[in-house]
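A short worksheet on the structure shown next.
Excluded from the calculations below are hydrogen atoms, water molecules and symmetry mates; all remaining heavy atoms, backbone and side chain alike, are included. Note that this is a predicted model, so its numbers are computed, not measured. Each ligand, and each atom within it, is numbered from 1 in the order the structure gives.
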Amino acid sequence: MKFYKPLSTVILMSGLVFALPLKAEIVNLSTPSTSLVLDAEKGGPFRFLYYGDKISASDIANLASAGTANRDAYPVYGNYPQGEAALSVTHPDGNMTLDMEVADIKTSANEADGSTVTTVSMRDKSYPISLDINYRTWPEEDVIETWVDITNNGKGAVTLNRFMSGYLPVRYGDVWLSSLYGSWANEGRLNQEPLRHGVKMIKNKDGVRNSHTSHAEIMLSLDGKPMENTGRTIGAALCYSGNYKLFIDTDDSNYHHLFAGINEENSAYNLKKGETFSTPALALTFSDEGLSGASRNFHRWGRNHRLANGNELRKILLNSWEGVYFDINEEGMAQMMKDIASMGGELFVMDDGWFGDKYYRDNDSASLGDWTVDTRKLPHGIQGLVDEAEKNGIKFGIWIEPEMTNSRSRLYAEHPEYIIKAENRDIVEGRGGTQLVLDLANPKVQDLVFNVVDTLMTKYPLIDYIKWDANAPIMQHGSQYLTRDNQSHLYIDYHKGFEKVLDRIRAKYPDVTIQACASGGGRANWGVLPWFDEFWVSDNTDALQRVYMQWGTSYFFPAVAMASHISAAPNHQTFRTIPLKYRTDVAMSGRLGMEIQPKNMTDEEKDFCRRAINTYKEIRPIVQQGDIYRLLSPYDNLGAASLMYVSPRKDDAVYYWWKTETFVNQQLPRVKMAGLDPDKTYTVTELNRIDNTPLPYEGKSFTGRFLMDNGLEMPLDHNVDYHKRNDYASRILRLKAN
Ligand code: DGJ
């Protein structure tokens, strides 16, 4: 067993690497408020020393005496194989061990994006395999991305059995895990639990959609039960679109061991001579401002560096799905465009059902892959719709599901070799009894998928928005393209192919807005978002359930990326009847849109939405680009939920409050605000007001200090005429600094 050697005198500067007289070589990776400290002495092991609040040079010098994790920064399998490893391989001669030493440390600044990458290179002492363990820091965001490049410098193929993106030891204690679970129509559910001895694993094996059932992002609260705005919190987000595995092994050492990376199950990777395998990035953040603090770090980093067009405001749209489902026709589309334009919307998106000529897309059992217009439904084609949108002064968007086909399609008849299928097995079909997944490992399929977008965009350059759907998992393990000895590459090569296609699309069409949808919220992951502007949070548009789902999703993703639509009552998924005011107040806490048949709305409802859309335009920069402060969790079952967004300069804020249950003589907590400037004075205005009389504090001013210490009292219900009374209540307040 090796023990950590004490550090000698250390001279340090942030973000730089220093050789130390007594051989230890400290790598101090710092962001504005955090430090990650490693020891990478050449010829020695690579050690993790510290991750947390920014610490001083003198504290780093004394770290060893204070006690640190006596752990490899990237544990490999072989010597001392009892513990979990991040990397495990089989060499060409059958040897299953690795024994790595630090070979080099390099730092390179990327002038284009301002980030700095520090690379610790490691080599095996006896075998021709090397690792580059990379850390990217950003000068303005407290996020560090880490990933590993594994290179086979030998002659024979090395099998990678496990190849995690990163490892992090976290001091044993009253550490709580916050993670998300939930499948179709119930995505983003928050789960909070203390870490106990044993292994807690979060994984996905869908093959295509990786944020159903669980999410590849977690938070760890280091100071006991998770708090929203206080307490040391680590966030970890695996940026990968495919199968993943995050697990925390709490053994009887003094540490919880967090590993995160591609799910290696049934995915052994044969690394050829000279080949390098790069793991996806694991993004780490630390905040001493609780879960919301970690969220703000992820949101800022995401908007600035990881979300397509993350700093731009999103248009307010109407999507046709819940309004007409597959019943697309020219008059219907024209009427919806006119209606959304008249309510102040900026974009209309035609969903599923517009395509197919031999087989018709009248339901979900045919035509995926045949991306030609169904002229029975749309005699003037897409151009007719684009023109109609222009006439209404709005933009036009369209739905596609380019990774898929149906067994009832021209594409499948002509190219049965393009689908995912195991040799000697019958095809396994999904949605509609006929859906099949195209094999994106195959470059010809990559071209085909690219061409779906390229053809649409070339023919109709005014298309402003694409909803990219994916409604099937990989239903059978088999690639007709990969060789027999590389069948285990299927899951990984699918996503490499996916990324290649997206790279080509974004190189040519950087500005088109693209939504990631996958049976609702199946693609909410930072591995997808570099190419997508937003994601569909869920096919469940019930506003009350959305309070819970959007709350969970907001842990990791900013409002600008979270599509949130006003839909009909009764709701099409839960059949619950929720008043328009509440539905609107929930949708306005994300990227606002509508998913409704406007012709079924009354004039009064349309007027309300028109005013709300107008109001949203005013608060849109705060919601979509501001800082989130979650205040009262719906998961605490206290009868209400509340959160707010604050502008970066703290001169403007929007406060949301939604009642989550209703009883007579109910006692609800008074919610303290957060994130304001204590010394600024804010004037309160209620938005989307339906009450006959204004709130008592309407137009009054309060200091940020008062609002954060006391909050404002929310009435239990709305002061409306008797026939308009119902069991829902919600409030949106704007707080503008004077
Ligand atoms: C699943 C998506 O989540 C829905 O919004 C809708 O686009 C349907 N697919 C269309 O088939």
**Report entry** For K467, the ligand 1 atoms whose distance to one of its heavy atoms is below 4.0 Å
**Finding:** 4 (C), 5 (O), 6 (C), 7 (O)

Query raised in the report: What residue among R314, R591, R620, E534 forms side-chain contact (heavy atoms from CB on, under 4.5 Å) with V560?
Result: R314

Requested in this report: Enumerate the atoms of ligand 1 whose separation from the nearest heavy atom of D539 is less than 4.0 angstrom.
Outcome: 1 (C), 2 (C), 3 (O), 4 (C), 5 (O)

Report summary line: Counting from 1 in the order shown, the ligand 1 atoms closer than 4.0 Å to a non-hydrogen atom of D352 are 10 (C), 11 (O)

Report task. Say whether T541 and H565, considering side chains only, have a donor N or O and an acceptor N or O under 3.5 Å apart. Result -> no

Query raised in the report: Is ligand 1 less than 4.0 angstrom away from at least one heavy atom of E322?
Result: no

Query raised in the report: Below 6.0 angstrom between ring centroids: does that apply to F556 and H299?
Result: no

Query - Enumerated ligand 1 atoms positioned under 4.0 Å from heavy atoms of D351 - result: 6 (C), 7 (O), 10 (C)

Report task. Give yes if a backbone or side-chain nitrogen or oxygen of W399 is under 3.5 Å from a nitrogen or oxygen of ligand 1, and no if not. Result -> yes

Query raised in the report: What are the atoms of ligand 1, with element, lying closer than 4.0 Å to any heavy atom of G520?
Result: 3 (O)

Report task. Give me the one residue out of F532, F535, F298 that meets ring-ring contact (aromatic ring centres under 6.0 Å, His included) with F557. Result -> F535

**Report entry** Whether D364 lies under 4.0 Å from ligand 1, heavy atom
**Finding:** no

Query raised in the report: Where is the nearest protein heavy atom to atom 2 (C) of ligand 1: which residue, which atom, and how far?
Result: D469 OD2, 3.2 Å

Query raised in the report: Where does N471 meet ligand 1, judged by heavy-atom distances below 4.0 Å: at the side chain, the backbone, both, or neither?
Result: side chain

Query raised in the report: How does Q515 reach ligand 1, by side chain, by backbone, by both or by neither, if only non-hydrogen atoms under 4.0 Å count?
Result: neither

**Report entry** Per-atom contacts of ligand 1 with S519, taking only distances under 4.0 Å to non-hydrogen atoms
**Finding:** 3 (O)

Requested in this report: Please confirm whether R504 makes a cation-pi placement over F450, using NZ or CZ under 6.0 Å from the six-membered ring centre and within 45° of the ring normal.
Outcome: yes

Query raised in the report: Can S365 and R408 be said to form a side chain to side chain contact (heavy atoms under 4.5 Å, CB included), step by step?
Result: CA-CA 7 Å; S365 71; R408 293 180 61 233; 3.1 Å; yes

Query raised in the report: Salt bridge between R209 and D206, side-chain N to carboxylate O under 4.0 Å?
Result: yes

Requested in this report: Taking atom types as modelled, find out whether Y325 and H572 have a side-chain donor-acceptor pair closer than 3.5 angstrom.
Outcome: yes

Report summary line: A student checking ligand 1 against C517 at a 4.0 Å heavy-atom cut-off should list atoms 2 (C), 3 (O)

**Report entry** Short side-chain to backbone donor-acceptor contact, H215 and I202, under 3.5 Å
**Finding:** no

